[in-house]
Amino acid sequence: MTRIKMTRIRMSVNGVEHTHEVEARTLLVHFLRETLGLTGAHVGCETSICGACTVLIGGRAVKSCTRLAVQADGAEITTIEGLASDDELHPLQQSFWDDHGLQCGFCTPGTILAAHDLLTRNADPDDAEIRHALEGNLCRCTGYQNIVKAVRSAAASMREAGGTT
Ligand code: FES
Ligand code: FES
């Protein structure tokens, strides 16, 4: 019987350290969902088109179906589950709720995290910059208008609060 070679990886996810043995072929999105139980990163296409699997690695938006878990060894990862603090939604989550930036919600975790990456680099993006930053995140429901509006209002409340969180 052939033995599957396992590799030990360690990473911080939403501020919690994890060490696990994984197969070299395990995709990061599958590791997050199946090993860590963080199912907010959705699997839509597995071909790097839809953006549903987007997470933050070192603060930058990355499609986690395009990374192997072993490539994230040593990384600091944030998933949608790590965005709220205590009982308070992150301003992006709140504005998506308030401005109806979602319908079925399948794309929403990835879209919010891609927007988070944008707002850490650009605190006051215009609509064109928001659309450009989110062009890798497909939504089959909303028509994007309310997503752009939600990102704009989150940016405004984050500026008011004095920075990104
Ligand atoms: S599942 Fe990763 S981009 Fe679609
Ligand atoms: S809200 Fe349904 S795919 Fe975007």
Side-chain angles (χ1 to χ4, degrees), residues 7 9 11-14 18 20 22-84 88-122 125-158:
T7 304
I9 59 169
M11 64 181 75
S12 162
V13 183
N14 302 330
H18 295 274
H20 283 275
V22 296
E23 281 186 56
R25 62 178 180 169
T26 304
L27 293 176
L28 178 59
V29 68
H30 292 148
F31 174 75
L32 293 170
R33 289 177 59 84
E34 290 156 27
T35 305
L36 301 189
L38 297 169
T39 54
H42 293 155
V43 180
C45 64
E46 274 190 339
T47 53
S48 102
I49 292 169
C50 74
C53 63
T54 302
V55 298
L56 299 177
I57 301 185
R60 303 307 306 269
V62 171
K63 293 176 176 177
S64 60
C65 74
T66 66
R67 293 286 165 97
L68 297 168
V70 292
Q71 290 175 301
D73 186 28
E76 279 196 22
I77 295 178
T78 304
T79 68
I80 195 69
E81 290 90 344
L83 225 53
E88 200 171 328
L89 292 177
H90 185 279
L92 274 162
Q93 293 171 306
Q94 189 64 54
S95 64
F96 270 66
W97 175 269
D98 293 340
D99 293 328
H100 308 289
L102 65 138
Q103 288 181 27
C104 79
F106 189 80
C107 70
T108 310
T111 306
I112 285 179
L113 291 170
H116 191 285
D117 178 357
L118 168 68
L119 297 186
T120 55
R121 294 179 284 109
N122 179 355
D126 62 24
D127 286 8
E129 289 169 324
I130 294 170
R131 287 180 183 278
H132 180 65
L134 300 184
E135 67 188 6
N137 294 81
L138 304 184
C139 177
R140 63 195 162 185
C141 306
T142 66
Y144 301 100
Q145 284 297 120
N146 285 353
I147 289 178
V148 173
K149 186 175 165 199
V151 175
R152 224 174 29 225
S153 30
S157 39
M158 288 161 80

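Atoms within a ligand are numbered from 1 in the order they appear, just like the ligands themselves. Values reported hereafter were calculated over all heavy atoms of this structure, with side chains retained and with hydrogens, waters and symmetry mates removed.
The shortest heavy-atom contact between Thr54 and Ala114 is CG2-N, 4.2 Å. Closest approach of Val13 to Leu36, counting heavy atoms only: CG2-CD1, 3.8 Å. Of all heavy-atom pairs spanning Leu102 and Trp97, the tightest one is CD2-N, 4.4 Å.
Counting only distances under 2.8 Å, and ignoring water, the protein N, O or S atoms around atom 2 (Fe) of ligand 1 are Cys53 SG, Cys65 SG. Excluding waters, the set of protein N/O/S atoms under 2.8 Å from atom 2 (Fe) of ligand 2 reads Cys104 SG, Cys141 SG.
To the nearest 0.5 Å, the span separating CD on Glu81 from CG on Leu32 amounts to 8.5 Å. Going from atom CD of Glu46 over to atom CG of Leu27 covers 6.0 Å, rounded to the nearest 0.5 Å.
Legend: residues meeting ring-ring contact (aromatic ring centres under 6.0 Å, His included) with Phe106, ordered by chain and number and at least two apart, are His42. Not a single ring-ring contact (aromatic ring centres under 6.0 Å, His included) links Phe96 to another residue, sequence neighbours left out.
By the neighbour-count criterion of 12 heavy atoms within 6.0 Å, atom CD of Glu129 is densely surrounded, having more than that number from other residues, nucleotides or ligands. Within a 6.0 Å sphere centred on CZ of Arg33, heavy atoms belonging to other residues, nucleotides or ligands number more than 12.
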